[in-house]
Amino acid sequence: MDFGLSQDQQMLRDAISRTLADTCPLDHVRECTEDRASFSDKVCSALGELGIWGMMVPEQYGGLGMTMLDAAVVAEQLGYAVAPVPFIGSHVLAPLALAQGGSEELKAHWLPRIAKGEAQVAVAIAQTVEIRDQSSVDFDGEKLDGTALFALDFLGADAFLVVDTAGRMHFVAGDAAGLEMAPLTTIDRTRSVGELRFSGVAGEALADDDGSTSSRLRDAGRVILAADSLGAGQAMIEKAVDYAGQREQFGRVIGSFQAVKHMCAEMAARHEPCRSLVWYAAHAFDTAPDEAPLMACHAKSHTGEVHRFVARTSTEVHGGMGFTDLLGLHFWFKRIGFDRQILGGPEKVRAEAAALQGWTQAA
């Protein structure tokens, strides 16, 4: 039995890698973040030509109908390149939510536009993990009131998917009366998140499924964040090894020193097992629904811890240069930090995993 990527998935990975290498060098990432643009039109256009925006949209609505493992393969390459593009919210979570719980009218209007890259839908599901600063959204049967934090792919969104306190998803147009939007600043300027404030806002409720859709979106989001962190961690390891093979001290490259060798080896040893964990979590999402929530927790919490170590150690290998903007390590460092905390930090997610296995009370 083959437990690796299929030939098609390897080709997908290589195509994304080549496209990002051509269109998304570090200087371009730096330009986007300095302009506070967050998203790059050039990179978005190139990825759109590969059909990435429609990969999670069902075929009957003009998409490719691909799997979560395919999306994880793409996310890994986006993390590797610290690509400033919308993906997790608008092109993974939104199609999943609309396909699972949206009305036929919503699907017919929005899914083809998402597949073509003509529409962007931000997704706010942080409330499914925890409620902070009294930020919650209530639904009285007709209107939405409250505040939702950390809407993913916020910049330029045409509409929003938001979860209420009962776990039900709602679709809200970007120009809905009573809706206020405010961008939030995080450590990672390659992604865009925002705050949504609802005051008697009318939206369209998705199917009332006792929170099944919102829970599934949370699992999917955690898998994609873990895959993104996997790619960012791989980039930081490679940069540390390359630097150690070039930087000289006391007449020798620092990579010849045992301490530096051990640092690089330990990064690789901790990082590599994460790959199969993330791949299986993505595979389970589509093929083993009973395992999917637990595997998503494992992938999210473990990669969060491992890649925080990788980010710190890679920076240390670079010495003082690692803290400067010249090398740009901070882009990967901060991206890993964002991936670690959004939709639950390792401690919170491990508590959920324990509850799922009956070891503790519900987190």
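A quick note: this is a predicted structure, and the numbers were derived from the prediction, not measured.
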Do the side chains of L230 and V223 join up, straight or via other hydrophobic residues, at under 4.5 Å, putting them in one cluster? no
Partners meeting salt bridge (charged side-chain N to carboxylate O under 4.0 Å, His left out) with K107 (sequence neighbours left out): E104
Cut-off 3.5 Å, side chains only: do D14 and S17 have a donor facing an acceptor? no
Carboxylate-amine/guanidinium proximity below 4.0 Å for R222 and E352: yes
If you draw the axis of the six-membered ring of W110, does the NZ or CZ of R113 fall within 45° of it and under 6.0 Å from the ring centre? yes
Cation-pi check, R216 onto F285 ring (under 6.0 Å, within 45° of axis): yes
Does the pair E266 and T313 meet the rule for a side chain to side chain donor-acceptor pair (under 3.5 Å), with working shown? CA-CA 9 Å; E266 188 170 3; T313 306; over 6 Å; no
Could you tell me whether the side chain of F331 reaches within less than 4.5 Å of the side chain of T33, counting heavy atoms only? yes
Compare every heavy atom of L356 with every heavy atom of C297, then report the nearest pair and how far apart it is. SG-CD1, 4.2 Å
Flag the pair D339 and R191 as a salt bridge only when some basic side-chain nitrogen lies within less than 4.0 angstrom of an acidic carboxylate oxygen. yes
Using a 4.5 Å side-chain heavy-atom cut-off and chaining through intermediate ILVMFWY residues, the residues clustered with V201 come out as V137, F139, L144, F154, F160, V162, V172, L179, M181, L196, F198
Is the count of non-hydrogen atoms from other residues, nucleotides or ligands lying under 6.0 Å from E248 atom CD greater than 12? yes
Less than 4.5 Å apart, any side-chain heavy atom of L78 and any of R335? yes
For residues F39 and D153, determine if any side-chain heavy atom of one lies less than 4.5 Å from a side-chain heavy atom of the other. yes
E305 bridged to R270 by N-O distance under 4.0 Å: no
Quick check: are there more than 12 heavy atoms from other residues, nucleotides or ligands sitting under 6.0 Å from CD of Q357? yes
Under 3.5 Å, is there a donor on one side chain and an acceptor on the other for T303 and H307? no
Among T324, D188, D325, whose side-chain hydrogen bond (donor to acceptor under 3.5 Å, both in side chains) with H330 holds? D325
Considering all heavy atoms, the nearest S214-M169 contact: CB-SD, 3.7 Å
